[in-house]
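The block underneath contains the structure these notes are about, expressed in structure tokens.
Ligands are counted one by one from 1 in listed order, and the atoms in each one are counted from 1 as well.
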Amino acid sequence: MQYDYLIVGAGLFGATVAHEMKKKGKKILVIDKRNHIAGNVYTKKIEGINVHQYGAHIFHTNNKEVWNYINQFAEFNRFTNSPVANYKGELYSLPFNMYTFNKMWGCVTPEEAKNKIEEQKKEAGITAPKNLEEQAISLVGTDIYEKLIKGYTEKQWGRPCTELPSFIIKRLPVRLTFDNNYFNALYQGIPVGGYTKMVENMLSGIEVKLGANYLENKESFNEMADKVIYTGPIDAYFEFKLGTLEYRSVRFENELLNIPNFQGNAAVNYTDSETPWTRIIEHKWFEFGKDEEGNDLPKTVISKEYSSEWKPGDEPYYPVNDEKNSQLYEKYKVMAEKEEKVLFGGRLGEYKYYDMDAVIASALRISRGLY
Ligand code: UDP
């Protein structure tokens with residue numbers, strides 16, 4: 001065997017395992033079918049701005065081990081995610097907090113906001129939420145559900161909120177304080193110089209082959225190494241034998257504008273159902289402090305995000321972790337466990353709506369057990 005480990009996919013999961021196994025003295029080859037490393041966290045510099053080519057990635061975690069780990073490879077800036085919701089021209093603060101409640105209902109005190117939510121929840125008659133719609137209403141009431149959640153979620157997932165699992169909306173904090181920080185995380189930031197540079201550092205000294213399609217030459221690739229770490233879609237690995245898992249895909253329309261400031265914020269979510277895109281990202285605001293030095297770039301790059309159902313040939317982004325797909329995944333998982341030399345990991349390999357920190361935590365856990 002030429003290598004101890006063949007790692008399929010140069011995203012965060014693959015890069016973490018590669019780094020850890022190299023530390024253990026193993027000989028590693030990382031391959032990726034794309035012509036660049038870093039998977040979906042890939043950033044590319046355009047006009048001095050690091051553009052998140054596969055959608056906004058804001059690193060946030062409560063896991064100190066993961067935070068210390070990732071800080072070996074990059075310095076993180078002090079970016080705090082606070083997206084704005086645009087509902088037919090009305091702007092609201094996200095996540096749902098006192099600023100949102102004040103704008104929506106004129107509430108001034110936390111007590112008033114709490115009562116308003118309770119009143120709307122009671123009117124809707126929800127006691128034990130069974131799906132995303134009921135979960136949302138019981139968290140923030142019907143007005144916020146109608147204006148800030150329903151349209152956005154149905155565009156994002158292409159399914160009615162009544163058919164979506166409630167855990168998706170529980171990703172968002174609800175606060176009775178004036179706090180627009182989108183994440184409940186102790187540590188947060190964007191790597192200075194971009195994610196690509198960070199992953200490059202993780203892969204330093206490791207052999208990487210780009211434009212290499214594992215699934216097209218599985219047998220010959222498998223002959224190259226003792227063990228394989230596969231981070232692609234689990235159903236594709238098994239040639240969709242049991243059927244296809246559903247994913248959401250995202251299409252980005254990037255524009256370079258000759259103005260210094262398009263929307264004054266990194267992310268604006270369009271929460272109505274008529275606007276075809278879900279959000280617009282203005283990449284420079286991930287890096288340059290507002291109204292601070294460096295804010296004078298005459299240009300800006302924006303990306304409109306359009307969500308769609310994944311079909312063969314598209315990039316899979318979000319696993320649809322509803323009942324039907326979860327059941328199918330469990331069957332693939334049984335098959336995966338029988339593959340002697342192949343381990344499956346990451347958002348696609350485990351069909352899981354993982355955040356970046358959870359991907360790294362999982363990769364570190366798996367690496368600890370590998371020799
Ligand atoms: N969401 C919403 N309105 C918003 C932002 C988010 O209804 O303005 C809901 C939507 O269902 C989304 C979920 O919250 O899928 C999780 O949002 P998050 O920002 O975590 O999604 P991601 O950044 O992973 O796309």
Query raised in the report: Hey, which residues fall under 4.0 Å of ligand 1 on heavy atoms?
Result: L94, L148, I149, Y152, T153, Q156, W157, I168, I169, R171, L172, Y182, N269, T271, R279, Y318, Y353
Report task. Check whether the side chains of R171 and Y353 place a donor and an acceptor atom closer than 3.5 Å, and report yes or no. Result -> yes
Query - Contact summary for N50 and G193, nearest pair of heavy atoms - result: ND2-C, 3.5 Å
Query raised in the report: Would N325 and D322 count as having a side-chain donor-acceptor pair, cut-off 3.5 Å?
Result: yes
Query raised in the report: Between R347 and Y247, is NZ or CZ placed under 6.0 angstrom from the six-membered ring centre and within 45° of the ring axis?
Result: no
Query raised in the report: Regarding T196 and T43, is there a side-chain donor-to-acceptor distance under 3.5 Å anywhere?
Result: yes
Query - Connected via hydrophobic side-chain network under 4.5 Å: V51 and I280 - result: no
